[in-house]
There are 2 protein chains.
Amino acid sequence: MPRAGLSRQAVVDLALSVVDDGGPSGWSDLALSTVAHRAGVAVPSLYKHVDGLPGLRSAVAARCVADLTDAMARAIARPATDLEDAAAHKDAPADDDRRATLAGAEAVRALAAAIRAYALAHPGRYRAVQSAETAALGPGSAGPVELVARAVRQLGLPAHRWVDQVRAIRAAVHGFVELELGGGFGLPEDVEMSFRYLLDTLVAGLR
Amino acid sequence: MPRAGLSRQAVVDLALSVVDDGGPSGWSDLALSTVAHRAGVAVPSLYKHVDGLPGLRSAVAARCVADLTDAMARAIARPATDLEDAAAHKDAPADDDRRATLAGAEAVRALAAAIRAYALAHPGRYRAVQSAETAALGPGSAGPVELVARAVRQLGLPAHRWVDQVRAIRAAVHGFVELELGGGFGLPEDVEMSFRYLLDTLVAGLR
DNA sequence: GTCCCAAAGCTAAGACCATTAGCCAAGCGC
DNA sequence: GCGCTTGGCTAATGGTCTTAGCTTTGGGAC
């Protein structure tokens with residue numbers, strides 16, 4: 001039997017594709033059998049590369065966190081060009097990346113938009129992020145939360161409110177996205193508009 | 001073999017207790033085997049009362065929605081006495097229940113607090129509510145969303161913003177609770193305070 | 001070029017799940 | 001007292017993850 005040439009890397013990649021193809025429930029539906037089938041391999045073979053289903057889940061979640069963090073960092077690094085057209089600028093001189101980072105309220109809004117865009121584009125991955133975030137990184141380590149925290153600190157508001165403010169932003173964005181993914185917004189009214197309304201209201205009200 | 005004297009009602013009650021005992025993951029961990037064991041019955045027997053695991057889940061979720069709706073209705077009906085001491089007032093004259101309902105911003109805050117209190121007291125049930133809400137009730141039917149909508153309408157703000165406002169409130173509360181349940185607030189800072197901050201900021205900023 | 005061995009695949013088997021089919025007895029209605 | 005509905009059961013099927021142990025591949029050492 002020819003070898004499939006798997007690797008931890010490859011297995012996680014396959015799992016990622018499974019999560020992506022599963023829509024919002026792709027994360028909870030992630031199963032070894034699906035990954036094995038997609039790899040053209042028997043299920044127990046996966047154990048040579050990954051520590052069972054829990055191990056695979058952690059690995060996938062970690063990748064998703066890094067993924068989202070990247071998207072957020074790009075969102076505040078390059079105002080105009082949002083997420084997807086980063087490739088189009090590959091040929092531009094490297095100094096283009098040095099453009100000044102967004103700050104304050106602009107940054108908060110950009111980060112929120114990036115989180116929502118990521119969640120809508122990769123619902124399964126977003127859910128994966130949520131089950132990881134908590135366990136992994138302590139305060140200070142660069143992750144989605146830290147990016148939001150940095151932006152909030154630049155708002156120039158009293159330091160004793162920073163924690164409350166970060167929590168408020170995170171809660172609002174996460175709650176909105178979660179409801180949107182779950183189909184919780186039954187009415188036909190423009191969801192895009194509601195999201196801007198939420199952010200504008202919240203950010204303008206911070207003190 | 002003596003009969004266990006089960007009923008659909010009893011099975012759902014048992015399932016509810018399983019969900020409660022399971023903490024935040026009690027809902028996703030809900031299994032027929034656990035319920036059957038708790039009922040002192042073999043697993044297939046449950047099919048005589050409930051339409052498999054999906055059926056049981058819907059029934060449980062429906063009960064949780066009604067449950068939460070009740071708690072929210074009580075929260076705006078009786079300002080001082082919150083959730084748990086309703087029983088203590090059982091002997092008071094029935095007219096006591098006629099106390100004027102809270103309105104406007106007060107009502108919104110009370111509803112938000114009730115939702116969070118419910119989620120913290122019954123994390124599994126709260127998660128059950130989230131997986132149901134969407135499917136079940138259309139607009140207008142009395143449920144948690146409709147209660148929030150009514151309170152928002154009484155704020156006296158422009159009607160074309162009502163939908164956005166309801167969505168904002170729901171998103172903020174749900175997101176906060178979800179992060180709190182998931183252990184997403186790593187820092188030791190007072191979570192109670194952060195919740196009030198979020199609500200005050202949001203409600204004060206609505207326009 | 002050969003040999004060897006670590007690593008990567010496999011099958012088999014066990015412990016849980018949910019579900020369906022079909023049997024049997026309990027106990028209520030008449 | 002008889003029967004029939006109904007609520008329990010066992011058995012069997014197919015799905016999941018996991019462990020154990022075997023086979024074979026393919027690359028590095030010599």
Side-chain angles (χ1 to χ4, degrees), chain A residues 1-64 124 127-128 131-132 135, chain B residues 1-64 124 127-128 131-132 135:
Chain A
M1 313 296 112
R3 297 209 172 179
L6 281 189
S7 67
R8 176 182 177 84
Q9 172 84 359
V11 171
V12 175
D13 284 343
L14 255 347
L16 234 2
S17 82
V18 170
V19 170
D20 281 338
D21 293 352
S25 67
W27 170 244
S28 49
D29 291 349
L30 177 61
L32 288 185
S33 47
T34 320
V35 176
H37 181 264
R38 211 168 273 211
V41 127
V43 175
S45 303
L46 296 179
Y47 285 77
K48 288 289 160 72
H49 305 281
V50 146
D51 195 15
L53 185 57
L56 178 60
R57 294 185 91 92
S58 326
V60 169
R63 279 269 284 275
C64 293
R127 292 259 157 98
S131 38
Chain B
M1 310 297 115
R3 299 208 170 179
L6 280 189
S7 68
R8 177 182 176 82
Q9 171 85 0
V11 171
V12 175
D13 284 343
L14 254 349
L16 235 1
S17 82
V18 170
V19 170
D20 281 338
D21 294 352
S25 67
W27 170 244
S28 50
D29 291 348
L30 177 60
L32 288 186
S33 48
T34 321
V35 176
H37 180 264
R38 212 169 272 211
V41 128
V43 175
S45 304
L46 296 179
Y47 284 77
K48 288 290 161 72
H49 305 283
V50 146
D51 196 16
L53 186 57
L56 179 59
R57 293 186 91 92
S58 325
V60 168
R63 279 269 284 276
C64 292
R127 293 258 158 98
S131 38

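Just the heavy atoms: all of them, side chains too, but no hydrogens, waters or symmetry mates, feed the values below. Proteins get letters first, then strands, A, B, ... in listed order; numbering begins at 1 in each.
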Expressed in angstrom and rounded to an integer, what is the separation of [X] atom [atom1] from [N] atom [atom2]?
{"X": "A/Tyr47", "N": "D/dT18", "atom1": "OH", "atom2": "P", "result": "3 Å"}
{"X": "A/Asp29", "N": "D/dT16", "atom1": "CG", "atom2": "P", "result": "12 Å"}
{"X": "A/Leu56", "N": "D/dT16", "atom1": "CG", "atom2": "P", "result": "15 Å"}
{"X": "B/Leu46", "N": "D/dC9", "atom1": "CG", "atom2": "C1'", "result": "13 Å"}
{"X": "B/His37", "N": "C/dC17", "atom1": "NE2", "atom2": "C1'", "result": "16 Å"}

Next item on the list: Given side-chain contact (heavy atoms from CB on, under 4.5 Å), test B/Lys48 with B/Arg8 step by step and report yes or no.
Entry: CA-CA 8 Å; B/Lys48 288 290 161 72; B/Arg8 177 182 176 82; over 6 Å; no
Check: Within the pair B/Ser33 and C/dA18, is there a side-chain N or O less than 4.0 Å away from OP1 or OP2?
Finding: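 For C/dA18, OP1 or OP2 has a side-chain N or O of B/Ser33 closer than 4.0 Å.
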Measuring from the side chain of [X] (C-beta onward, heavy atoms only), which nucleotide among [options] has the closest atom?
{"X": "B/Pro54", "options": "D/dA20, D/dG8, C/dT19", "value": "C/dT19"}
{"X": "B/His49", "options": "D/dG8, C/dG9, C/dC17", "value": "D/dG8"}
{"X": "B/Ala42", "options": "C/dC17, D/dG7, D/dT10", "value": "D/dT10"}
{"X": "B/Leu32", "options": "D/dC9, C/dA18, C/dG9", "value": "C/dA18"}
{"X": "A/Leu6", "options": "D/dG7, C/dG9, D/dT18", "value": "C/dG9"}
{"X": "B/Val41", "options": "C/dA18, D/dC9, C/dA12", "value": "D/dC9"}
{"X": "B/Leu53", "options": "C/dT19, C/dC10, D/dC17", "value": "C/dT19"}
{"X": "A/Pro44", "options": "C/dT19, D/dT18, D/dT16", "value": "D/dT18"}
{"X": "B/Lys48", "options": "C/dC10, D/dC9, D/dT16", "value": "D/dC9"}

Next item on the list: Spell out, as yes or no, whether a donor-acceptor pair under 3.5 Å connects the side chain of A/Thr34 to the backbone of A/Leu30.
Entry: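 Not at all, since once roles are kept as given, no pair shorter than 3.5 Å links the two residues.
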Notebook entry, point to check: Hey, is the main chain of B/Leu16 close enough, under 3.5 Å, to the side chain of B/Arg63 for a donor-acceptor pair?
Noted result: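 The answer is no, because no donor-acceptor pair under 3.5 Å joins these two groups.
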Next item on the list: May I have the step-by-step check of side-chain contact (heavy atoms from CB on, under 4.5 Å) for B/Val18 and B/Val60, ending in yes or no?
Entry: CA-CA 11 Å; B/Val18 170; B/Val60 168; over 6 Å; no
Checklist line | Atom CG of A/Asp21: over 12 foreign heavy atoms under 6.0 Å | finding: yes
Notebook entry, point to check: Around atom CG of A/Asp29, are there more than 12 heavy atoms of other residues, nucleotides or ligands at under 6.0 Å?
Noted result: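 Result for CG/A/Asp29: enclosed.
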Next item on the list: Can you pull out how bent the helix from C/dG1-D/dC30 to C/dC30-D/dG1 is, comparing the axes over its first five and last five pairs, to 10°?
Entry: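 The two end axes of the helix from C/dG1-D/dC30 to C/dC30-D/dG1 meet at 0°.
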Next item on the list: Starting from the 5' end of DNA chain D, give me the residue, A/Leu30 or B/Val43, whose nearest nucleotide shows up first.
Entry: B/Val43
Next item on the list: Flag the pair A/Asp13 and A/Arg38 as a salt bridge only when some basic side-chain nitrogen lies within less than 4.0 angstrom of an acidic carboxylate oxygen.
Entry: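 No, A/Asp13 and A/Arg38 are not salt-bridged.
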Notebook entry, point to check: So what does B/Ser45 hit on the nucleic acid, given a heavy-atom distance under 4.0 Å: a base, only sugar-phosphate, or nothing?
Noted result: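 The answer is base, as B/Ser45 lies within the cut-off (heavy atoms under 4.0 Å) of a base atom.
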